[in-house]
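Lettering of chains follows the sequences in order, A, B, ..., and the numbering in each one begins at 1.
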Number of protein chains: 2
Amino acid sequence: MSKTTKRDLLLNSALTLFSEQGIHSTSTASIAKHAGVANGTLFHHFENKHSLVSSLYIASKQQLASALVLSDDLLSQSLKQQVEALWHLALNWAVSHPRQLTFFQQVATENFLPQALRIKAMKTELSILEMMITVGQAQKIIVEYPLDLLLDHCQSQMIASGLFFINNPSLIAIDDYRDNAFNLFWRAIAIDA
Amino acid sequence: MSKTTKRDLLLNSALTLFSEQGIHSTSTASIAKHAGVANGTLFHHFENKHSLVSSLYIASKQQLASALVLSDDLLSQSLKQQVEALWHLALNWAVSHPRQLTFFQQVATENFLPQALRIKAMKTELSILEMMITVGQAQKIIVEYPLDLLLDHCQSQMIASGLFFINNPSLIAIDDYRDNAFNLFWRAIAIDA
DNA sequence: GTCTATAGCTGGATAGAC
DNA sequence: GTCTATCCAGCTATAGAC
């Protein structure tokens with residue numbers, strides 16, 4: 001396929017080191033060294049460290065977005081089944097992309113990127129979820145709590161679940177755990193359960 | 001009361017700057033300047049930056065722990081009422097100590113302190129919750145999912161709720177929001193709701 | 001205990017050869 | 001595009017006067 005350019009090597013090394021050490025405490029020099037390229041090469045491909053971080057952030061968010069597409073045959077199913085499918089897509093992506101998930105957390109807590117960029121990325125990410133919740137409320141399947149509270153709740157729930165399985169890798173394979181994790185998610189927002 | 005020593009000033013300034021900028025990107029020089037003391041004074045009171053951070057972490061965790069004590073008359077109430085009381089204590093502490101809460105997040109994601117210290121602090125913190133869950137399961141009030149999953153779930157739920165209200169301060173005063181937030185928490189783990 | 005001054009080092013970023 | 005060499009700012013931490 002598309003060959004691995006030095007730019008790609010740098011992005012990949014950056015992701016690895018960021019997720020291990022945090023963004024601020026990872027030097028550009030160490031990124032270049034880990035990628036096996038010269039220091040100056042990094043600044044040929046990226047204007048500065050911030051530009052490197054935001055390139056990585058945007059690329060990772062796009063990866064995630066493209067993983068969260070529901071297949072067409074699901075659209076005829078019940079809302080709960082659609083939510084469950086979405087939830088499993090997200091969890092699967094999280095456990096198979098642990099570096100990206102911790103990187104997202106770091107971008108949020110280290111205040112490295114401008115808030116505007118993060119909020120914009122979040123908005124598009126939550127639009128599917130927002131639609132599902134609205135539909136579910138109209139069908140009296142989902143509790144009628146304020147939308148902002150529900151959206152925040154669902155999002156942090158998913159991230160927390162992903163991190164839990166990343167931190168306890170041996171549990172990923174156990175179907176009971178995965179099912180229970182979804183049940184905790186669904187019971188909270190569903191009417192009648 | 002106890003007078004504010006320069007050591008206290010330094011800890012307080014550190015907390016403010018850390019929560020705004022992150023730990024790694026806050027210099028000891030800026031902490032001393034913000035506290036209105038000389039650079040060298042910081043290193044008289046703390047051996048190095050790590051020692052400053054861990055002192056602050058331990059003190060903050062103790063503050064939190066002392067805020068989470070249930071009053072005696074609650075012990076005769078139902079388990080749900082005890083859980084609800086604990087939940088509100090935690091939420092109240094969070095919204096009135098926003099700097100501490102973001103600082104906890106930063107310690108966790110920036111990997112600044114040794115994991116052992118963090119795990120130890122977490123263990124004691126979760127012991128009350130663990131007891132409540134175990135009792136609730138015996139009484140068939142709380143779902144019988146694995147304890148590690150439930151503990152992680154409850155903890156991240158509480159933190160997420162706290163951060164939500166810190167990020168949306170205008171909603172704190174609205175009782176409905178607080179009640180709904182607790183309901184989302186309780187519905188997930190309660191049997192029969 | 002608190003200050004000033006500064007040592008010693010590391011980081012981000014640039015210049016210029018190839 | 002990639003490299004080597006290097007500049008300069010800012011950081012942690014120390015020394016020593018008061």
Rounded off to whole Å, could you give me the CZ-to-C1' distance for the F43(A) and dT6(D) pair?
14 Å
Rounded interatomic separation in angstrom, taking NE2 from H50(A) and C1' from dG12(C):
12 Å
Could you tell me how far apart K6(B) (NZ) and dT2(C) (P) are, to the nearest whole angstrom?
6 Å
Qualifying residues under ring-ring contact (aromatic ring centres under 6.0 Å, His included), relative to Y145(B), sequence neighbours excluded:
none
Would you call the rings of F104(A) and W93(A) parallel, tilted or perpendicular if under 30° counts as parallel and over 60° as perpendicular?
parallel
How long is the line joining CG of N39(A) and P of dA15(C), in whole Å?
15 Å
Under the ring-ring contact (aromatic ring centres under 6.0 Å, His included) test, residues paired with F18(B) that sit two or more places apart:
F103(B)
Indicate whether OP1 or OP2 belonging to dC3(D) is found under 4.0 Å from a side-chain N or O atom of H44(A).
no
If you compare all heavy atoms of Q82(B) against all heavy atoms of L75(B), which two are closest, and at what distance to 0.1 Å?
NE2-O, 3.5 Å
By the 4.0 Å heavy-atom rule, please label T26(A) as base, sugar-phosphate, or nothing.
sugar-phosphate
Given dG11(C), dT12(D), dT2(D), identify the nucleotide with an atom nearest to the side chain of S27(B).
dT12(D)
Nearest-Å distance, NE2 (H24(A)) to C1' (dG10(D))?
15 Å
Tell me what T41(A) touches on the nucleic acid: a base, only sugar-phosphate, or nothing, going by heavy atoms under 4.0 Å.
base
Please report the distance, rounded to the nearest Å, between CD in Q21(A) and P in dG11(C).
10 Å
Measuring to OP1 and OP2 of dG11(C), would you say a side-chain N or O of T28(A) lies under 4.0 angstrom away?
no
Would you say H45(A) places a side-chain N or O within less than 4.0 Å of OP1 or OP2 belonging to dT2(D)?
yes
Take atom NZ of K33(B) and atom P of dT4(C), then tell me their distance rounded to the nearest Å.
13 Å
May I ask you to evaluate whether K49(B) reaches the phosphate of dC11(D), defined as a side-chain N or O under 4.0 Å from OP1 or OP2?
no
Let me know the distance between CD1 of I31(B) and C1' of dG10(D), rounded to the nearest Å.
14 Å
dT2(C), dT4(C), dC3(D): which one has an atom nearest the side-chain heavy atoms of A38(B)?
dT4(C)
On the 0 to 90° scale, with breaks at 30° and 60°, tag the W87(A)-F185(A) ring pair as parallel, tilted or perpendicular.
tilted
